[in-house]
Amino acid sequence: MVNNFPVLVERIKQEGKSLEGGILKVDSFINHQLDPDLLEQMSAEFNRRFDPASYDKIVTIEASGIAPAVMLGYLAHKKVVFAKKKKPSTMSNMLVTEVFSFTKNTTYQICISGEFIHAGERLLFIDDFLANGKAANGIIDLANQAQAKIVGMGFLIEKAFQQGGSLLREQNIHVESLATIASLDNCTITFA
Ligand code: 5GP
């Protein structure tokens, strides 16, 4: 089940920092500064793991999911729609749900216009991290509201010591993570 992508594992070993509270800081190549060459390699790996014929559209959440989602969308020739964290006053036919943020310890709303996800559409969700699966569940809720179907979920980094991965796999969702972290105890990064 664990299928680590060596290029990403190496980069995390070189530049990732394990913070207090089980948080991995990867600001130098995922969450703040971006490395397009690495993004292209990671998205090509997603493109090998998710058959483009199996989904119609990619969904993600702003901000950090957008870069890998767009890169995959470019490679797979799929449209990308990102859930917004602020409700735009101009959005019509809005689908809304609540998500609890693990890193910020607050609940926030995410929304997608019903113009961009449709009944019967097959969606692939791409995001930076999988922790407790709250963001992923929010996307499942939005897809349900639109009567669309989530056919897969791809994460750059899964923290296997939190329960998101098992919760999603129990629902028979095809989950792929490019790097799975077994532990961040003692500020040490241990891969699964
Ligand atoms: P979940 O919704 O699965 O509980 O948490 C996933 C979201 O929380 C991700 O979209 C990411 O923004 C954030 N997150 C969770 N864990 C970490 C972490 O260890 N490092 C960083 N940078 N973000 C995280």
Side-chain angles (χ1 to χ4, degrees), residues 1-2 4-5 8-9 11-35 38-39 42-43 46 58-73 80-86 95-112 123-144 150 152-171 173-192:
M1 199 161 71
V2 172
N4 284 332
F5 182 52
L8 176 58
V9 168
R11 183 62 76 91
I12 295 170
K13 282 184 184 164
Q14 283 165 16
E15 297 181 25
K17 291 188 184 66
S18 174
L19 305 184
E20 294 283 319
I23 304 225
L24 180 67
K25 189 169 177 191
V26 285
D27 275 18
S28 63
F29 56 100
I30 291 178
N31 291 127
H32 193 3
Q33 175 172 254
L34 298 170
D35 179 342
L38 176 67
L39 278 168
M42 296 189 296
S43 297
F46 277 141
I58 298 167
V59 286
T60 186
I61 303 186
E62 66 177 350
S64 295
I66 295 177
V70 167
M71 192 66 87
L72 176 59
V80 177
V81 56
F82 63 91
K84 293 182 177 238
K85 289 181 174 166
K86 280 202 188 98
L95 312 170
V96 188
T97 194
E98 295 212 323
V99 171
F100 177 77
S101 164
F102 167 76
T103 44
K104 299 194 175 83
N105 199 25
T106 51
T107 299
Y108 60 95
Q109 290 188 322
I110 57 168
C111 59
I112 288 184
L123 306 175
L124 175 65
F125 176 57
I126 295 290
D127 206 2
D128 57 344
F129 273 88
L130 174 60
N132 290 312
K134 304 293 185 195
N137 273 328
I139 288 293
I140 292 172
D141 186 30
L142 293 181
N144 286 341
I150 300 285
M153 295 196 159
F155 301 93
L156 301 179
I157 301 174
E158 173 175 344
K159 297 191 293 180
F161 55 90
Q162 292 175 278
Q163 80 237 24
S166 29
L167 291 176
L168 296 175
R169 290 182 181 96
E170 275 165 19
Q171 298 173 56
I173 295 173
H174 175 195
V175 179
E176 294 283 345
S177 302
L178 301 189
T180 300
I181 309 256
S183 155
L184 291 173
D185 289 349
N186 306 316
C187 292
T188 304
I189 305 170
T190 309
F191 291 87

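Just follow the structure's listing: the first ligand is 1, and inside any ligand the first atom is 1.
- Checking only distances, Phe100 never comes within under 3.5 Å of ligand 1, N or O to N or O.
- The pair Glu98-Lys85 does not count as a salt bridge, with every side-chain nitrogen at least 4.0 angstrom from each carboxylate oxygen.
- No part of Gln162 comes within 4.0 Å of ligand 1, judged by heavy-atom distances.
- Neither the backbone nor the side chain of Val99 has any atom closer than 4.0 Å to an atom of ligand 1 (non-hydrogen atoms only).
- Residue Ala136 has no N or O atom closer than 3.5 Å to an N or O atom of ligand 1.
- Contacts of Phe102 with ligand 1, taken as heavy-atom pairs under 4.0 Å, involve the side chain alone.
- With a 4.0 Å cut-off on non-hydrogen atoms, Ile157 does not touch ligand 1 at all.
- Atom numbering of ligand 1 starts at 1 in the shown order; those under 4.0 Å from a heavy atom of Gly133 are 1 (P), 2 (O), 3 (O), 4 (O).
- Of the candidates Ile181, Leu178, Asn4, Val9 forms a side chain to side chain contact (heavy atoms under 4.5 Å, CB included) with just one, namely Asn4.
- Which parts of ligand 1 touch Ala131 is read off a 4.0 Å heavy-atom cut-off, strictly below it: atoms 1 (P), 3 (O), 4 (O), 5 (O), 15 (C), 16 (N).
- Considering both main-chain and side-chain atoms, Lys134 comes within under 3.5 Å of ligand 1 through a nitrogen or oxygen pair.
- Some N or O of Ala135 is nearer than 3.5 Å to an N or O of ligand 1, by distance alone.
- With a 4.0 Å cut-off on non-hydrogen atoms, Asn31 touches ligand 1 through its side chain and not its backbone.
- Contact check on Asp35 versus Arg11 returns a salt bridge, with a Lys/Arg side-chain nitrogen under 4.0 Å from an Asp/Glu carboxylate oxygen.
- Per-residue contacts place Asp128 under 4.0 angstrom from the following atoms of ligand 1 (heavy atoms of the residue considered): 9 (C), 10 (O), 11 (C), 12 (O).
- The backbone and the side chain of Ile23 each have at least one atom closer than 4.0 Å to an atom of ligand 1 (non-hydrogen atoms only).
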